Structure formats: C-alpha cells, structure tokens
Amino acid sequence: MSANGATEIVAGESRGSDPFYYGLYGGSRPSGFLATDPEAAPFFTAIGYAPEESIGVYQRDLTSRKDPMSMQIMSVRRLTELELADAPLAPTYWWYTHFSRSDSLRFRLREKATGEPVAAVTVIGLDHYIHAWNERAIGLVDLFVLEERRNKGYGQTLLVESIRQLRQDLITRADIHVPDDNPVLAKAVQTAGFERVDTGTVYRKQPGGRV
C-alpha cells in the first residue's frame with residue numbers, strides 16, 4: 001500500500017464494495033468468495049488476508065407451492081396490500097448503476113389504512129444463468145422493512161407474497177444473500193421458506209501481508 005495510492009485492499013465484492021460486475025459466481029449479488037470454492041480461503045490467508053465479512057446465500061425452490069403460513073402472516077396480510085413498481089421510491093446512484101438497465105421490478109407492501117409503504121424488495125431476472133442452472137431463477141435484493149415494523153412478520157410476508165406472484169411467470173428458484181451480521185433479516189428469509197445453500201466471505205489485506 002502506498003501513501004499516494006490505495007489505503008486498503010479488499011478481496012471479494014459485497015454490497016457497498018461492488019462498483020460494477022456481479023462477482024465471480026453470479027447469482028443475485030456479489031458476496032465475496034464462496035465456501036464451496038475450497039481453494040479461496042487457503043489462498044487468501046496464505047498471502048496475508050483475513051476474513052472480514054460473512055454472507056449467507058439462501059435459495060428457495062418455487063416449484064413447491066407449499067408456502068409458510070402463520071397467524072403473524074395472516075395478520076400482516078389483512079393490514080397490507082402488495083403493489084408493483086419499476087424502481088424504489090428514491091433510487092440511489094448505486095441502484096441506477098446496478099439495476100437501471102437490468103430486467104428488474106420492485107415489490108412493496110403498503111398499509112391499507114395509511115397508504116404508507118412499510119416493506120419493499122427488488123427482483124432481478126437471472127435468465128442469463130438458465131444454461132448453467134437449468135432453471136428460471138430470480139434474485140431478491142435490497143430487502144427493506146421500516147425499523148418499527150422489523151421482526152413483526154412484514155419482511156416474511158413480503159417475501160411470501162412476492163413469490164406467489166413470481167410463480168405465475170414460471171420462475172422455479174429464488175436467490176437472496178444476507179450478511180450474517182443481520183440476524184433479523186436472516187430470520188425473515190428463513191421463515192419465508194429459504195434454505196441456506198452456501199456462505200460467502202470477504203477478505204481484507206492485513207498490514208505486513210505479502211502481495
């Protein structure tokens with residue numbers, strides 16, 4: 001590292017450190033290097049990198065029509081309605097650089113009483129992986145729930161209702177990545193029927209590590 005150059009070196013793209021491309025593996029978002037790539041961890045640790053971020057890769061088989069159901073989901077359904085949009089309410093520069101030219105849409109849960117959006121998620125098409133995955137898949141990114149509605153079933157309901165809509169387009173698999181330091185989001189994803197299939201790791205160069 002030079003005083004006039006880079007101040008830090010990170011190996012593996014992740015949200016906030018993904019200016020372009022979609023990483024090495026594809027899927028809904030770049031999430032470092034996957035645990036199913038057995039040569040990644042020994043290589044980076046040998047040259048002075050250390051794990052910095054861990055990200056769970058979750059998927060759900062949409063050919064099964066058995067959706068999770070609970071009293072909490074039923075309650076949220078009565079209070080909200082699902083709507084479809086082309087973009088977030090306030091698109092950021094990051095969103096424009098990643099999704100403005102992609103096949104994407106935005107699902108929002110809106111409260112019936114107030115009309116206020118309380119949760120939202122962006123869906124991106126992954127048809128370019130059909131030949132590799134042998135099925136039609138979508139990626140779910142930017143899942144957001146208002147802070148006062150978190151851990152109350154809104155994220156879970158949004159995912160379940162969005163998947164019911166996506167089945168009509170013959171989508172067979174959904175992919176979503178969740179940082180391990182966000183247990184509330186991970187719980188919402190798992191209770192919506194997703195299973196963890198892999199783990200991504202982002203590495204950071206340690207002082208004194210050889211290049």
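Please read all numbers here as calculations on a predicted model, not as lab measurements.
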Heavy-atom closest pair (Gly125 atom, Ile138 atom, distance to 0.1 Å) is CA-CG2, 4.5 Å
Taking all non-hydrogen atoms of both residues into account, name the closest pair between Pro51 and Thr201 and its distance. CB-CG2, 3.8 Å
Leu140 side chain near Val123 side chain, heavy-atom distance below 4.5 Å: yes
Indicate if Ile176 and Val184 have the same hydrophobic cluster label, given that clusters are the connected sets of ILVMFWY residues with side-chain heavy-atom separations under 4.5 angstrom. no
So, taking the atom named CG in Leu34 and the one named CD1 in Ile55, what distance separates them when rounded to the nearest 0.5 Å? 9.5 Å
Can you name the nearest heavy-atom pair linking Val202 to Gly32, along with the distance? CG2-CA, 4.0 Å
Compile the donor-acceptor pairs under 3.5 Å between side chains in residues 143-150 and protein atoms, sequence neighbours left out, one pair per line.
from	atom 1	to	atom 2	distance (Å)
Arg149	NE	Glu111	OE2	3.3
Arg149	NH2	Glu111	OE1	3.4
Arg149	NH2	Glu111	OE2	2.5
Arg150	NE	Val145	O	2.7
Arg150	NH2	Val145	O	3.1

Can you pull the salt bridge (charged side-chain N to carboxylate O under 4.0 Å, His left out) pairs that have at least one residue in residues 176-194, sequence neighbours excluded? Asp180-Arg196
Look at the side chain of Arg167 and the backbone N and O of Ser64, then say whether any donor-acceptor pair between them is shorter than 3.5 Å. yes
Atom OG1 in Thr172, atom CH2 in Trp133: separation rounded to 0.5 Å? 10.0 Å
Using the rule that Ile, Leu, Val, Met, Phe, Trp and Tyr join whenever any side-chain heavy atoms are under 4.5 Å apart, tell me whether Leu126 and Leu166 fall into a single cluster. no
Say whether, by atom type as modelled, one donor and one acceptor occur between the side chain of Asp169 and the main chain of Ile171 under 3.5 angstrom. no
Is Arg108 reaching over with its side chain to a backbone N or O of Ala120, donor-acceptor style, under 3.5 angstrom? no
Would you compute the distance between atom CD of Glu161 and atom CG of Asp67 and round it to the nearest 0.5 angstrom? 8.0 Å
Answer yes or no: is there a side-chain heavy-atom contact under 4.5 Å between Arg173 and Leu62? no
Can you see which heavy atom on Ser104 is nearest to which on Ile124, and at what distance? CB-CG2, 3.8 Å
Please check if the number of heavy atoms outside Met69 that lie under 6.0 Å from its CE is greater than 12. yes
If you round to the nearest 0.5 Å, how far is CG of Leu170 from OG1 of Thr63? 12.0 Å
Classify the ring geometry of Tyr203 against Phe44: parallel below 30°, tilted from 30° to 60°, perpendicular beyond 60°. parallel
Heavy-atom pair of closest approach, residues Val57 and His177: CG1-NE2, 3.6 Å
Side chains of Thr122 and Asp142, donor plus acceptor under 3.5 Å: no
Could you tell me the separation between the CZ atom of Phe194 and the CD atom of Gln156, rounded to the nearest 0.5 Å? 11.0 Å
Do Arg136 and Asp127 touch side chain to side chain, with heavy atoms closer than 4.5 Å? yes
Are Tyr154 and Leu158 side-chain neighbours, meaning at least one heavy-atom pair lies under 4.5 Å? no
Hydrophobic cluster identity match, Leu82 and Val118, side-chain contacts under 4.5 Å: yes
Count I, L, V, M, F, W, Y as connected when their side-chain heavy atoms are under 4.5 Å apart, and connections chain through other members. Are Val160 and Leu79 then in the same cluster? no
On a heavy-atom basis, the closest approach of Tyr58 and Val178 is CE1-CB, 3.9 Å
Test side chain to side chain donor-acceptor pair (under 3.5 Å) applied to Glu116 - qualifying residues, sequence neighbours left out: none
Hey, does the side chain of Arg60 reach the backbone of Ala192 with a donor-acceptor pair shorter than 3.5 angstrom? yes
Please report the interatomic distance OG1(Thr191) to CD1(Ile73), rounded to the nearest 0.5 Å. 7.0 Å
Working note: Tyr129 + Asp175, criterion side chain to side chain contact (heavy atoms under 4.5 Å, CB included); need CA distance, chi angles, decisive distance, verdict. CA-CA 12 Å; Tyr129 298 125; Asp175 178 269; over 6 Å; no
